[in-house]
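Right, one structure below, let's go through it.
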Amino acid sequence: MISIKHLSKTFKAPDGNSLQVLKDVNCDIEKGKVISIIGPSGTGKSTFLRALNLLDPPTGGEILFDGENILCKGYPVNRLRQRMGMVFQSFNLFDHLTILQNVTLAPIKLLGKSREEAEAEAIQLLRKVGMAEKAAVYPSSLSGGQKQRVAIARALAMHPEVILFDEPTSALDPTMVGEVLSVIRQLAKEGMTMLIVTHEMKFARDVSTRIFFMYDGYIHEDGSPEQIFEHPVHSATKAFVNRIRKLVFEVDSEDFDFLQMPTAISQFCIKYNIAEKAGLASKLIQEVLFQHLPAVRPMTVRLTHTELSGVTALDFMVEKRNDTPLSEAVRASLRPQVSDIIEEPTTRGFRVKLIL
């Protein structure tokens with residue numbers, strides 16, 4: 001459907017310097033496939049999408065859409081954008097128009113549909129994304145997740161052959177991410193061709209037929225979700241997909257600032273889309289530190305979240321100790337609150353890991 005050959009993009013800075021963001025991108029995109037594009041920030045993922053629909057025209061290479069090179073002079077850009085819809089991370093809705101007007105504007109202006117026809121289809125699309133009851137309201141009254149669902153309906157209203165999603169959940173409150181991802185999952189089931197730049201590793205693995213791992217301006221690795229997440233070839237891919245996020249507290253005495261711990265835990269959990277774990281993590285830390293092990297100091301407390309597996313854990317590490325600090329009674333009180341308790345020696349001492 002789309003064939004990309006030696007694609008490059010260089011930005012010129014006002015001071016005369018240049019920055020090459022895309023260096024030599026080559027790939028083929030087949031109809032009906034869902035491709036998630038992952039990789040560290042600043043590696044060209046969003047620029048790649050914007051180059052595909054000529055929002056940021058490439059500086060070199062070819063993009064063949066059904067055999068036509070869309071980079072040729074005179075290629076009708078408006079026709080391209082009808083065939084290749086885009087959903088932005090910042091929604092880009094028109095605040096002065098109602099939700100219904102946002103969805104019908106392009107079909108009326110660009111496709112020549114009558115208002116009645118456009119509105120009838122728009123209601124069906126809004127119903128598809130769960131937003132039909134909001135048709136008469138303005139974007140300012142919607143949550144971020146609702147705005148993004150409207151943006152998806154607006155893209156679908158042009159009957160695109162491909163939809164590009166540029167980090168569709170990055171601007172959302174973590175509690176709203178799921179509602180947008182569920183809409184994208186449904187589109188995948190219906191066979192829509194999609195390219196999705198995302199930092200949601202579990203979602204990428206579940207919904208995609210292929211994964212592009214971008215690094216340093218290239219597609220560094222291209223494969224099935226199983227290959228990329230379970231058997232990555234390159235070291236950079238391995239390091240990225242196995243990322244473990246962590247928050248560490250060194251509790252060395254009773255003078256430690258315990259009051260700031262719940263705030264830090266809450267911010268950490270919100271940042272990594274595990275807000276529902278914040279309350280339990282704070283409760284368990286307080287319980288272990290003050291009820292069960294008040295005399296064990298110093299202690300390193302670490303909250304970790306592994307993005308690929310989705311496992312969140314609390315580690316309590318005690319130095320220069322070769323046995324567990326937990327009694328059977330303490331263990332029994334903790335078990336109903338956690339998925340698992342792992343107790344193991346380390347090179348520094350002994351660790352108790354609570355899987356949340």
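Heads up: numbering here begins at 1 and tracks the sequence. Predicted model only: the values in this text are computed from it and were never measured.
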Under a 3.5 Å threshold, yes or no: a donor from one side chain and an acceptor from the other, between [X] and [Y]?
| X | Y | value |
| --- | --- | --- |
| H6 | E62 | no |
| K128 | Q186 | no |
| T104 | E119 | no |
| S3 | D28 | yes |

Counting only heavy atoms not in [X], do more than 12 fall under 6.0 Å of its [atom1]?
| X | atom1 | value |
| --- | --- | --- |
| F94 | CZ | no |
| Y215 | OH | no |
| Q291 | CD | yes |
| K353 | NZ | yes |

Cluster question for you: counting only ILVMFWY and a side-chain heavy-atom cut-off of under 4.5 Å, with indirect links fine, are [X] and [Y] together?
| X | Y | value |
| --- | --- | --- |
| V288 | V251 | yes |
| V338 | I265 | yes |
| I4 | M86 | yes |
| I70 | F48 | yes |
| L105 | V150 | no |

Hey, does the side chain of [X] reach the backbone of [Y] with a donor-acceptor pair shorter than 3.5 angstrom?
| X | Y | result |
| --- | --- | --- |
| T43 | P40 | yes |
| Q82 | P160 | no |
| Q101 | T98 | yes |
| N69 | L71 | yes |
| Q337 | S333 | yes |
| S8 | D24 | no |
| N53 | M84 | no |
| S282 | G279 | no |
| Q286 | K283 | no |
| S141 | V137 | no |

Reported [atom1]-to-[atom2] distance for the pair [X] and [Y], which is rounded to 0.5 angstrom:
| X | Y | atom1 | atom2 | result |
| --- | --- | --- | --- | --- |
| S90 | Q148 | OG | CD | 8.5 Å |
| I163 | T193 | CD1 | OG1 | 9.5 Å |
| L22 | Q20 | CG | CD | 8.0 Å |
| L356 | L314 | CG | CG | 4.5 Å |
| I35 | I38 | CD1 | CD1 | 13.0 Å |
| T324 | F316 | OG1 | CZ | 12.0 Å |

Answer yes when [X] and [Y] have at least one side-chain N-carboxylate O distance shorter than 4.0 Å, and no when they do not.
| X | Y | answer |
| --- | --- | --- |
| R210 | E30 | no |
| R335 | E328 | yes |
| D66 | R83 | yes |
| R331 | E343 | yes |
| D166 | K45 | no |

### Task
Can you spot which of R348, R297, R351 makes a salt bridge (charged side-chain N to carboxylate O under 4.0 Å, His left out) with E319?
R348
Shortest non-hydrogen separation from [X] to [Y] and the atoms involved:
| X | Y | value |
| --- | --- | --- |
| I184 | M194 | O-CE, 3.6 Å |
| I211 | P225 | CG1-CA, 3.9 Å |
| L100 | I123 | CD1-CD1, 4.0 Å |
| P168 | V197 | CD-O, 3.5 Å |
| P232 | T237 | CB-CG2, 3.7 Å |
| P58 | I63 | CG-CD1, 4.1 Å |

Here's one to test your reading of the geometry: is the NZ or CZ of [X] within 45 degrees of the ring axis of [Y] and under 6.0 Å from its centre?
| X | Y | answer |
| --- | --- | --- |
| R79 | Y75 | yes |
| R205 | F203 | no |
| K9 | F11 | yes |

### Query
Going by the angle between their ring planes, with limits at 30° and 60°, are F213 and H220 parallel, tilted or perpendicular?
perpendicular
### Query
Hey, what's the ring geometry for F258 with F290, parallel, tilted or perpendicular (30° and 60° as the breaks)?
perpendicular
### Message
I'd like to know whether K23 forms a salt bridge (Lys or Arg N to Asp or Glu O under 4.0 Å) with D216, so could you lay out the CA-CA distance, the side-chain angles of the two residues, the decisive distance to 0.1 Å, and finally the verdict.
### Response
CA-CA 8 Å; K23 296 179 179 176; D216 196 29; 3.0 Å; yes
### Query
Does the ring center of F88 lie less than 6.0 Å from the ring center of F165?
no
### Task
Could you walk me through whether D315 and K246 pass the salt bridge (Lys or Arg N to Asp or Glu O under 4.0 Å) test, one step at a time?
CA-CA 10 Å; D315 291 348; K246 61 185 177 180; over 6 Å; no
